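Just below is one structure, and these are the notes that go with it.
Please read all numbers here as calculations on a predicted model, not as lab measurements. We count ligands from 1, going down the list as the structure has it; atoms in each ligand are counted the same way.
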Amino acid sequence: MSSEVLGISTSPRVKGNSDLLLREALAGAESAGAQVEYVRLAGLNIGACVECNTCYETGTCRIEDDYQQILEKLLNIDRLIFATPVFFMSVCAQAKVLIDRGQCLWAHKYVLKQQLFEIECDRRAMVIAVGGSKSKKQFDSVQLTMKSYFDSLQMSYVANLFVSKIDARGAIEKHPSAMKEAFRLGEQLVSDETEVPDKPVNVELF
Ligand SMILES: Cc1cc2nc3c(=O)[nH]c(=O)nc-3n(C[C@H](O)[C@H](O)[C@H](O)COP(=O)(O)O)c2cc1C
């Protein structure tokens, strides 16, 4: 077991529901022997993509802010856990700003036709998302966005933990199984025995 796991918490709310699940998933990964790192986006200075298209020529983003340190981490890990609240049926704004800055990764792959890594790497990612409503469609857009982002990061999208009907801050701690599932999925993410599935394994809780 030598996985390095990065957990990105994108909720603007301190100790929000998705954040608490992320911490639990990281604890699961750590218990299985992985090295884990937690990053909270809300405290960082990451500006939106300005569509200058510089990256179409260079493969890198010319905006100098905290994105560069996150990108470096993203390129040096083999497991990612991305946590977001559902806002208007999609990822929250903080998450989307980070994802859009990934256009330099997309340009690297699809415009410049270059690989991010010289050798093939076993990089895997999972998503944690929490929504207040009971709508079954609230995670559709999250999944599509994350699929595209993980593709640019050259990561296999292996699992989702989606929890509905959780609204008040910290309410997730009273959910009968969500915290346990987060821990288990964190463990599983770093297990050497888990094969990459054809499509992400969905754990949907209400
Ligand atoms: C701006 C905003 C938009 C929201 N939009 C949705 C939504 O479209 N669907 C939903 O189920 N919940 C929505 N919610 C509720 C949050 O998803 C819910 O409170 C969740 O538990 C927040 O997670 P967090 O504590 O990790 O931030 C919204 C909340 C806010 C503040």
ask   = Judging by distance only, is a nitrogen or oxygen of Ile166 under 3.5 angstrom from one on ligand 1?
value = yes
message = Just to confirm my output: which protein heavy-atom neighbour is closest to atom 26 (O) of ligand 1, and how far is it?
response = Ser18 OG, 2.6 Å
ask   = So is there a nitrogen or oxygen of Pro12 less than 3.5 Å from a nitrogen or oxygen in ligand 1?
value = no
key: Gln138 and Ser164: side chain donor to acceptor below 3.5 Å   = yes
task = Looking only at protein heavy atoms, identify the closest one to atom 14 (N) of ligand 1 and say how far it is in Å.
result = Val86 O, 3.3 Å
task = Indicate if Phe150 and Val201 have the same hydrophobic cluster label, given that clusters are the connected sets of ILVMFWY residues with side-chain heavy-atom separations under 4.5 angstrom.
result = no
ask   = Can you tell me the protein heavy atom closest to atom 5 (N) of ligand 1 and the distance?
value = Phe88 N, 2.8 Å
message = Starting from atom 27 (O) of ligand 1, what is the nearest protein heavy atom, named by residue and atom, and what distance separates them?
response = Ser11 OG, 2.6 Å
inquiry  = Counting only nitrogen or oxygen atoms and a 3.5 angstrom limit, does Gly131 reach ligand 1?
reply    = no
inquiry  = Under 3.5 Å, is there a donor on one side chain and an acceptor on the other for Asp19 and Ser9?
reply    = yes
request  = Classify the side-chain pair Gln143/Tyr157 by whether it contains a donor and acceptor separated by less than 3.5 Å.
outcome  = no
query = Which residue holds the protein heavy atom closest to atom 15 (C) of ligand 1, what is that atom called, and what is the gap in Å?
reply = Asp167 OD1, 3.5 Å
message = Geometry only, no angles: is Ser133 polar-contacting ligand 1 at N/O separations under 3.5 Å?
response = yes
query = Thr60 and Thr58: side-chain donor and acceptor closer than 3.5 Å?
reply = yes
ask   = Cut-off 3.5 Å, side chains only: do Tyr149 and Asp100 have a donor facing an acceptor?
value = no
ask   = Short list, please: which atoms of ligand 1 are under 4.0 Å from a heavy atom of Val130?
value = 17 (O), 20 (C), 21 (O)
key: Contact check: Gly16 vs ligand 1, nitrogen or oxygen atoms, below 3.5 angstrom   = no
ask   = Tell me, which protein residue and heavy-atom name are nearest atom 11 (O) of ligand 1, and how many Å apart are they?
value = Gln138 OE1, 2.4 Å
ask   = atom 8 (O) of ligand 1: which protein heavy atom is closest, and how many Å away?
value = Met89 N, 2.8 Å
inquiry  = In this structure, does ligand 1 have an atom that sits under 4.0 Å from one of the heavy atoms of Arg169?
reply    = no
ask   = CZ of Phe117: more than 12 outside heavy atoms within 6.0 angstrom?
value = yes
query = Hey, are Asn160 and Asn202 close enough side-chain-wise for a donor-acceptor pair under 3.5 Å?
reply = yes
inquiry  = Parallel, tilted or perpendicular, judged at 30° and 60°: which one describes the rings of Phe162 and Phe139?
reply    = parallel
query = Nearest to atom 23 (O) of ligand 1, what protein heavy atom do you find, and at what distance?
reply = Pro85 CB, 3.2 Å
inquiry  = Show me which atoms of ligand 1 lie under 4.0 Å from any heavy atom of Gly132.
reply    = 10 (C), 11 (O), 12 (N), 15 (C), 16 (C), 17 (O), 18 (C)
ask   = Just wondering, are more than 12 heavy atoms of other shown residues or ligands nearer than 6.0 Å to CD in Gln114?
value = yes
